[in-house]
Number of protein chains: 2
Amino acid sequence: MAARILDAAEALVVRFGYRRTTVDDVARRAGVGKGTVYLYWPSKLELFGSVLTRESAQMLAEQLAMVKADPGEVRLHRSMRCTFLQIMRRPLSKAFATRDYDVLGELMTASQSGVRFVTGKIETTARYLAVLYKHGLLADDPAADPALLYRLSAAVTGAFLLEGVPGMGDLGLEDKADALATTLRRAFEPAAEPTPRTLRGAASELTELYEQWAVELAKALPGGDT
Amino acid sequence: MAARILDAAEALVVRFGYRRTTVDDVARRAGVGKGTVYLYWPSKLELFGSVLTRESAQMLAEQLAMVKADPGEVRLHRSMRCTFLQIMRRPLSKAFATRDYDVLGELMTASQSGVRFVTGKIETTARYLAVLYKHGLLADDPAADPALLYRLSAAVTGAFLLEGVPGMGDLGLEDKADALATTLRRAFEPAAEPTPRTLRGAASELTELYEQWAVELAKALPGGDT
DNA sequence: GACTGACCAATTTGGTTCTTCAGTCAGCAT
DNA sequence: ATGCTGACTGAAGAACCAAATTGGTCAGTC
């Protein structure tokens, strides 16, 4: 039930944007009464926050599968390359990452959902970086260098926000992802290639971290849906 | 006279933003009639475009002075560090770089001024990069790698646009500039330190490029002012 | 001949009414 | 009871229009 409502909300917000999507529309499309929506979420904002949360849970699951298939995927530049492509291919996440106010409206600025979603992401990124460093996959110690997280955020943010600028974007999406990967590998990773053993070690530890995070995300959603 | 009008326009736009600043206000503050403004500029948009152009001319002059004082300043990470600080310390340029729509309004999106200003900057950056590469100060050949300019834009853009995001900005301005410099040095420059001789060579060539550009910017301004 | 400010068309603003929508809750169906 | 619904309400927003501003012009002044 909750999942059906989320499906409806997602489809509508992608098509019409947050502001122009009414709770009534969502309920009708899901084939339930409006009151039912409020049985699961306290407000419109939190409903759409859940849509975002579900998207990020789906992306996390993809990421997890890729790491399991190839431990090399844990490396910062590989992981971020993949994340970049995932986000850019999902209209909602792309709207969020590129700060598309027309689509997300207040959902972007509201202190709930939107921002909490990002701060959660940042916090987990910090833990991810700590693990990478422990396994020698990061050039600098994130614990010793408070600016590291800022540097990484800036480097990644640029790739997303340059998207909205015309004239600069005549590269394919894959090319842009490669560009981001190159920058990250050189700016944040050690010069030497890691051994397969190292990668497996980091992968197993990160798998656990990801799975914990997946559980946390699932807990934030009403019902036990995908 | 043109300079006095530009001074007035600059002061007012910093304080009230483009939309809330009227041409009448500017004229009155400059102590001239409104018609006089239209003797120098064909429209409000171009008047404020000139304000932006003058700012960038001033920054270019500063940059030039620094390169003359220390040829090491031509290195990409040093140059961009300095540019970052210059822009962030000037309210107008900062508003432009951080896409502050409240201050710049249509001045940002209009096909004149704003955008032409940026495309000019990008074009010159391409020439700047070619010179750096020729002198061995850049890891990759910008002519052979069309994504290089994109990579650089993304890396720099991130530093500027992260500014508007709360929670991430608890570093000092200098720290952020250092962070940008670190990322750029590692991601775009050769690992080896350049020799003083190399730097002097690049500096003299770039000085010429900068001076050419300064002339071009001055030509775009009415009158022969600062 | 350099400069001005009253003037005009076009946009913006302020105020008012009418509509829509987020959120609630009494009641229906099962 | 229990799970769900959709009519209801106040508040926010759209639509409308008259009045005020403002970008740009040009006949006239110094």
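Within every chain, numbering begins at 1; the chains are lettered A, B, ... in the order of the sequence lines, protein sequences first and strands thereafter. Below, each value reflects all heavy atoms present in this structure, side chains not excepted, and no hydrogens, waters or symmetry copies.
For the pair Y128(A)/L76(A), a side-chain contact is recorded, criterion being any heavy-atom separation below 4.5 Å from C-beta on. Residues R127(A) and Q212(A) have side chains in contact (heavy-atom distance under 4.5 Å, counting atoms from C-beta outward).
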Quiz item: Given T83(B) and Q63(B), is the side-chain hydrogen bond (donor to acceptor under 3.5 Å, both in side chains) satisfied, shown in steps?
Solution: CA-CA 8 Å; T83(B) 300; Q63(B) 195 88 282; 2.8 Å; yes
Exercise. Test side chain to side chain contact (heavy atoms under 4.5 Å, CB included) on L132(A) and L206(A) and set out the steps.
Key: CA-CA 9 Å; L132(A) 283 189; L206(A) 282 175; 4.1 Å; yes
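Nearest heavy atom pair, residue Y150(B) against residue A159(A), reads OH-O, 3.8 Å. Taking both residues in full, the closest heavy atoms of L162(A) and A154(B) are given as CD2-N, 3.7 Å, listed atom of the first, atom of the second, then distance.
Using cut-offs of 30° and 60° on the angle between ring planes, the pair F48(A) and Y18(A) is perpendicular.
On the nucleic acid side, DNA chain C has its first and last nucleotide under 4.0 Å of a heavy atom of chain B at dC3(C) to dT13(C), going 5' to 3'.
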When you compare the protein's N or O atoms with those of nucleotides 22-24 of chain D, which come within less than 3.5 Å of each other, and at what distance?
from: dG23(D); atom 1: OP1; to: K44(B); atom 2: NZ; distance (Å): 3.1
from: dG23(D); atom 1: OP2; to: V23(B); atom 2: N; distance (Å): 2.9
from: dG23(D); atom 1: N7; to: K34(B); atom 2: NZ; distance (Å): 3.0
from: dG24(D); atom 1: OP2; to: Y38(B); atom 2: OH; distance (Å): 2.9
from: dG24(D); atom 1: OP2; to: K44(B); atom 2: N; distance (Å): 2.6
from: dG24(D); atom 1: N7; to: K34(B); atom 2: NZ; distance (Å): 3.0
from: dG24(D); atom 1: O6; to: K34(B); atom 2: NZ; distance (Å): 2.4

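In terms of position on DNA chain C, the residue among L39(A) and T36(B) whose nearest nucleotide sits closer to the 5' end is T36(B).
Ion pairing between R78(B) and D70(B) holds under the 4.0 Å rule for side-chain N and carboxylate O.
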